[in-house]
Each structure stands twice: as C-alpha cells, then as structure tokens.
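Heads up: the structure comes next, in structure tokens.
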Number of protein chains: 2
Amino acid sequence: MSTDLLLQNIRKHISLTGVEGDKIISKLKKITLKKKQFLLHEGQIAHEVAFVISGCLRSFSVDENGFEHILQFAPAEWWITDMYSFISEKEAHLSIDALMDTEIMTLSRKNQLQLFDEIPGLERYFRILTENSLVASRSRLIDNLSLTAKQRYQKFCTTYPSLINTLPQKLIAAYIGVTPEFLSKLRKL
Amino acid sequence: MSTDLLLQNIRKHISLTGVEGDKIISKLKKITLKKKQFLLHEGQIAHEVAFVISGCLRSFSVDENGFEHILQFAPAEWWITDMYSFISEKEAHLSIDALMDTEIMTLSRKNQLQLFDEIPGLERYFRILTENSLVASRSRLIDNLSLTAKQRYQKFCTTYPSLINTLPQKLIAAYIGVTPEFLSKLRKL
DNA sequence: GGAAAACATTAACCTAGATTAATTAATTTA
DNA sequence: TAAATTAATTAATCTAGGTTAATGTTTTCC
C-alpha cells in the first residue's frame, strides 16, 4: 500500500499505535498527477500539504520578467506545499507542478491541526521535519550568498545525485540560480 | 521582569498555566552580552537557543574569502541559534555575536526537549515559530534569486524599518548580499 | 516513425555588481 | 578632546554571469 511509505516515514521519527496510524490515513487523500499537471497555481490557496509516494514535484515562483525560480524538488518521501499559503490561508506565491507522473497523498491544514490535537506525536513529527527544512533552507541561502555558480552546481550534484540524471538541466539551472546557457558553459570548465 | 517578555510572547501563540510558565522559566538562563561579544563561535556546538530581551544579535557565516554573510538579525523578542548545530549537536557553521549590549534568556536543547514532553503547548509554540521561520527563509531565498540588489535593499527597508537607522550600513549590505561600496552607490540611484 | 516541440550547446556581446584604492565622515576609546 | 578605529563615499576598472541568437540534439506525441 502507498500509505505504508508514509507511515514508515513518520515512524522513523516518532512511534505510532496502529489506531493512530489508521486515524492519520483516514484523513489523507490519494491523488495522481500526470507530468506537467499542476497541484497548485500561484494565487490559489494551498489548503493541502502533499507527501510524494512516487514521481517528483517542484515548487517554483515566476518573477516579473517571467523567469522561473525553483524553491524545492520533492521526489518520493518528501512533503511539499506553499508553506506561506498553507499556514496563513492567503494566496500562494508559489506554483507546484509534476515533473513526471506522480502519486501523492495530501493532508489538509484543517485535518493536520485536528490530528495535532489528537496525536501529539504527529505534531512532533512535523516539528522535526520543519526544523530540518529550516536548516536546509538557511544553508541554501548561505550557499547562494557565498558560493560561485560552479560551486553551487557541484554541491547540487553531490547533494541530489539521483536528480542530476533524471531532471532536465534547465530545471537544475532554475534551482541553483543561473541561466541554462551559463550552466551549460559551467559544465565544460 | 525580563521573563515576562518571553512568557507573553509564548502566550501570543498558545495558553500556559502559571505552573507551566514557572517550569519554563526555571529552565532558562539569563545572560548579558556586551557589544561585539560572541554567544557562539563557528566550530562550537550550539547547545542553546537564545531569546532576546533587549539589544540585538546576529548570526553569520564567514566564506572562504573572509567575507561575512548575515543569516539573521535578532532584535528584542526574537529567537536565535545555529539551528543546524542545535538540533544535530554537530559543529556550528555559524557564529553569533552582539551588535550592541544585549540581554538574552537561553534554553538548552536538552531542557527544550524535556519541556516538550511535559508541556505539549510549548512544542506547539516552537512548531509554529519554526513554520514561520521557514516561510521567511524561503521567501528570502526567492528574493535573492529573483530581485536586483536595489529591490532587495528596498524590501529590507520596508520589512525592518527599525533596523535601518540602528545598524551600520555594512551589516545591511552583508545581509542583502552586496558589498558596502555597492550599497552606497545603490542608495544614490 | 516522423514532424513538432522542448532542450542543450556555442559564441559574441553586454551589464550588475565586485574589486581596489583613495578620501572623507563618524565613532570609540584613552 | 584628540588620536585611533571603524564606517561611508566616490571613482576607475574588472569579471561572473546574463542576453541574444543561431545551430544541433533529444523528446514527445500524433
């Protein structure tokens, strides 16, 4: 079952009784996305957070010149949403779409908060995930401030070796913050 | 009392009994830092997270060329630590020092985790803070990828109006990711 | 299986922001 | 309060990375 992957993931961080696991599963919605299909459009409200079972999603924003900037890739076992919209219920600044055919389980903020009251361990699980995400986000910020494009590309290669061969280069360029043309040049040097 | 500021802050997000408040306070350590004094040096382990009562701290990293990059300013009522080191107990990548004479209350990770077991509301409080920090960090990442230096400076001015007149320009430059020389030029345009 | 679309490469030229270095404020501290 | 640090400004020069545009290479999908 695809829910096993999620419960397993949760149990890496906290322990859950069978009943608690069932309760969590009962709040999840399974969705299948075709490649290029959107889970969230900028301007909508992100009522749900998604856990990727298989495939890969990305979150990105489009700047005033029409350039896409990728905030996050979410391959299997990652959570993804527009966190700003998810917690504030305001219009999302990000869009989320599928980079390949993708299966996800979604959990609404409403259900999540309700589960936090019923299953304190689940709040702990998300507290831990959010701490880890914060560390990752801040580390990436520092990298963007202090490394050259070449160094950022190399770091990406070692940090996400599985994505390097899976994703088109232009997406990696949009993640590390260079043009596809410059990334192409970079790879020769 | 300086602990009032902290309890008040916590009570903005969750409710606490008097006993719970006392228990939290009993785990806190009050520290006074003189301007330029370090709370944490890169390479040490960040056993504590600090809540600023008055004054202002910053966290920063030093790159291979000796340039400082500021990750966070923490004026009154902000929490600050090297989150990576704090949650992993590994060597910090960041340093933290005082930009002026500063009073803080610190809480060790050990005590924090113990309090999470005793006072679920406190875990919720930190879950919420961490969610908000994640939103802020990701938003800053997007800004660094999509805005010009000028736009980032303007955004900084509107986001942290109180800091603009308090902090030396070179620190603001180190936060938005430009040289002090270029920031100076920017301000004329 | 082949046309169309999407992606990658290359090269010439351009620009935002860095570097260096000198000059002038403004703070610190003795 | 004066010397010494530290911060800010200015200007000339330099460079990492962007832009544009043309060409070649994969994918997609009918």
Side-chain angles (χ1 to χ4, degrees), chain A residues 33-38 55-56 58 60 62-70 73 97-102 141-157 163-189, chain B residues 33-38 55-56 58 60 62-70 73 97-102 141-157 163-189:
Chain A
L33 295 168
K34 300 296 272 182
K35 183 171 180 173
K36 294 196 179 171
Q37 201 178 335
F38 279 72
C56 190
R58 65 161 176 170
F60 65 101
V62 182
D63 71 23
E64 57 187 3
N65 304 310
F67 288 100
E68 293 179 0
H69 303 280
I70 296 179
F73 292 116
D97 66 2
L99 301 176
M100 56 192 79
D101 292 356
T102 298
L141 231 180
I142 290 287
D143 287 349
N144 276 287
L145 291 171
S146 47
L147 302 182
T148 64
K150 178 100 200 243
Q151 293 172 316
R152 273 177 275 141
Y153 176 65
Q154 288 168 335
K155 196 155 182 176
F156 185 91
C157 291
L163 294 181
I164 276 296
N165 303 304
T166 324
L167 299 181
Q169 255 170 238
K170 60 176 288 209
L171 294 183
I172 293 161
Y175 182 92
I176 65 176
V178 294
T179 57
E181 292 84 355
F182 190 66
L183 177 56
S184 181
K185 187 194 281 187
L186 226 52
R187 282 156 45 88
K188 309 262 108 129
L189 305 181
Chain B
L33 296 168
K34 300 296 272 182
K35 183 171 180 172
K36 294 196 180 172
Q37 202 179 333
F38 279 73
C56 189
R58 66 160 176 171
F60 65 100
V62 182
D63 71 23
E64 56 185 4
N65 304 310
F67 289 99
E68 293 179 359
H69 303 280
I70 297 179
F73 292 115
D97 66 3
L99 301 176
M100 56 192 79
D101 293 356
T102 298
L141 231 181
I142 290 287
D143 287 349
N144 276 287
L145 291 171
S146 47
L147 302 182
T148 64
K150 179 100 201 243
Q151 292 172 315
R152 272 177 276 141
Y153 176 64
Q154 288 168 336
K155 197 154 182 177
F156 185 92
C157 291
L163 295 180
I164 275 297
N165 303 306
T166 325
L167 300 180
Q169 252 170 242
K170 59 176 288 208
L171 294 183
I172 293 161
Y175 182 93
I176 65 176
V178 295
T179 58
E181 292 83 355
F182 190 66
L183 177 55
S184 180
K185 188 194 282 186
L186 226 52
R187 283 158 44 89
K188 309 263 108 131
L189 305 181

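One atom, CG of Leu147(A), and another, P of dA18(C), lie 15 Å apart when rounded to the nearest Å. Following rounding to the nearest Å, Lys188(A) (NZ) and dG17(D) (C1') show an atom-to-atom distance of 18 Å. For the pair Tyr153(A) OH and dG17(D) P, the computed distance is 15 Å after rounding to whole Å. In this structure, Leu186(A) atom CG and dT10(C) atom C1' are separated by 15 Å, rounded to whole Å. Here the P atom of nucleotide dG17(D) and the NZ atom of Lys150(A) are 11 Å apart, to the nearest Å. Per the geometry, CG belonging to Asn165(A) stands 16 Å off C1' belonging to dT26(D), to the nearest Å. The interatomic distance linking Met100(A) (CE) with dA6(C) (P) rounds to 18 Å, in whole Å. Rounded to whole Å, the distance from CG on Leu99(A) to P on dA6(C) is 15 Å.
Residues Tyr175(A) and Arg152(A) have side chains that never bring a donor and an acceptor to within less than 3.5 angstrom of each other.
Using a 4.5 Å cut-off on side-chain heavy atoms (C-beta onward), Lys185(B) and Lys150(B) make no contact. You'll find the side chain of Gln151(B) reaches within 4.5 Å of the side chain of Glu64(A), heavy atoms only. Using a 4.5 Å heavy-atom cutoff, the side chains of Leu186(A) and Lys188(A) are not in contact.
Here the straight-line distance linking atom CG of Asn65(B) with atom OG of Ser146(A) works out to 9.5 Å at 0.5 Å rounding. Of the inter-residue distances, the one linking Arg58(A) atom CZ with Leu163(A) atom CG reads 13.0 Å to the nearest 0.5 angstrom.
In terms of position along DNA chain D, the nucleotide closest to Ser184(B) lies nearer the 5' end than the nucleotide closest to the other residue of the pair Leu183(A) and Ser184(B).
Listed in residue order, the members of residues 166-178 of chain A having a heavy atom less than 4.0 Å from DNA chain D are Gly177(A), Val178(A).
Looking at residues two or more places apart in sequence or on another chain, you find no salt bridge (Lys or Arg N to Asp or Glu O under 4.0 Å) involving Asp63(B).
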Going 5' to 3' through nucleotides 19-27 of chain C, assign each nucleotide B (protein heavy atom under 4.0 Å from a base atom), S (under 4.0 Å only from sugar-phosphate atoms) or - (no protein heavy atom that close). BBB------

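Within the 3.5 Å criterion, the main-chain N or O of Gln37(A) finds no donor-acceptor partner in the side chain of Asp97(A). Without hydrogens or angle criteria, Ser184(A) side chain to Phe182(A) main chain gives no donor-acceptor distance under 3.5 Å.
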